[in-house]
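In what follows, a single structure is set out as structure tokens and then discussed.
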Amino acid sequence: MTPREIKKVEKYLCNMFDNKEIVIKSPAKTNEPVEIYISDEFIGTVYRDEDEGEVAYSLQIMILEEDLPED
């Protein structure tokens, strides 16, 4: 993803989830997924997909079992 795309997706997610603490960090290597953080906590990744000229972004959120509330 380009820096411009990253900023656009970051702005979209901040607005969608009404959370200005969402930050997307550029990957260390080209063509790797970008990482999404809320404050300093890693929550997932965004992948860019292009098919027949149409671009889509896929959000994958990680939830660790240890972070889930007790029953």
Side-chain angles (χ1 to χ4, degrees):
M1 290 175 59
T2 67
R4 183 172 180 264
E5 288 176 306
I6 291 170
K7 283 295 177 195
K8 287 173 69 174
V9 172
E10 181 180 271
K11 184 176 180 179
Y12 172 82
L13 292 174
C14 286
N15 290 332
M16 173 67 103
F17 295 109
D18 193 25
N19 188 333
K20 303 302 179 200
E21 294 187 26
I22 295 174
V23 176
I24 299 179
K25 296 185 180 181
S26 298
K29 297 179 182 177
T30 306
N31 295 328
E32 286 186 350
V34 296
E35 297 180 341
I36 301 173
Y37 292 80
I38 295 181
S39 298
D40 290 330
E41 186 168 346
F42 173 76
I43 62 162
T45 54
V46 174
Y47 296 87
R48 183 184 189 277
D49 183 43
E50 187 170 350
D51 185 30
E52 297 181 9
E54 292 185 9
V55 177
Y57 303 93
S58 174
L59 171 63
Q60 182 176 10
I61 296 177
M62 311 295 176
I63 302 171
L64 299 176
E65 183 178 18
E66 65 190 41
D67 292 337
L68 296 174
E70 295 293 323
D71 290 336

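The figures that follow rest on heavy atoms only: side chains count, while hydrogens, waters and symmetry mates do not. Residue indices begin at 1 and follow the sequence shown.
- In this structure, CG on Leu59 lies 7.0 Å from CD1 on Ile43, to the nearest 0.5 angstrom.
- For Asp67, the CG atom sits in a packed shell: over 12 heavy atoms of surrounding residues, nucleotides or ligands are nearer than 6.0 Å.
- Every side-chain contact (heavy atoms from CB on, under 4.5 Å) that Glu21 has, sequence neighbours left out, goes to Asn19, Ile38, Ser39.
- Hydrophobic clustering (side-chain heavy atoms under 4.5 Å, transitive across Ile, Leu, Val, Met, Phe, Trp, Tyr) keeps Tyr47 apart from Ile63.
- Checked against side chain to side chain donor-acceptor pair (under 3.5 Å), Glu32 has no partners two or more places apart in sequence or in another chain.
- Residues forming a side-chain contact (heavy atoms from CB on, under 4.5 Å) with Phe42 (at least two apart in sequence, or on another chain): Glu35, Tyr37, Thr45, Met62.
- Listed by chain and residue number, Arg48 satisfy the side chain to side chain donor-acceptor pair (under 3.5 Å) test with Glu50 (two or more places apart in sequence, or in another chain).
- Taking Lys7 as the reference, Glu10 meet the salt bridge (Lys or Arg N to Asp or Glu O under 4.0 Å) condition, with sequence neighbours excluded.
- Counting only residues at least two apart or on different chains, the side-chain hydrogen bond (donor to acceptor under 3.5 Å, both in side chains) pairs with a member in residues 51-63 are Glu5-Tyr57.
- Under the rule for a side-chain contact (heavy atoms from CB on, under 4.5 Å), the partners of Lys8 that lie at least two apart in sequence or sit in another chain are Arg4.
- Under a hydrophobic clustering in which Ile, Leu, Val, Met, Phe, Trp and Tyr are joined whenever their side-chain heavy atoms come within less than 4.5 Å, directly or via other members, Val34 and Leu13 fall into the same cluster.
- Taking CD1 from Ile36 and CZ from Phe17, the interatomic distance works out to 8.5 Å, rounded to the nearest 0.5 Å.
- Of all heavy-atom pairs spanning Pro33 and Pro27, the tightest one is O-CB, 3.6 Å.
- By the side chain to side chain donor-acceptor pair (under 3.5 Å) test, Lys29 is found to be paired with no residue, residues two or more places apart in sequence or in another chain being considered.
- Linking ILVMFWY side-chain heavy atoms closer than 4.5 Å, directly or via other members, places Val9 and Val55 in a single hydrophobic cluster.
- Once rounded to the nearest 0.5 Å, the distance linking CE of Met16 with NZ of Lys11 reads 14.5 Å.
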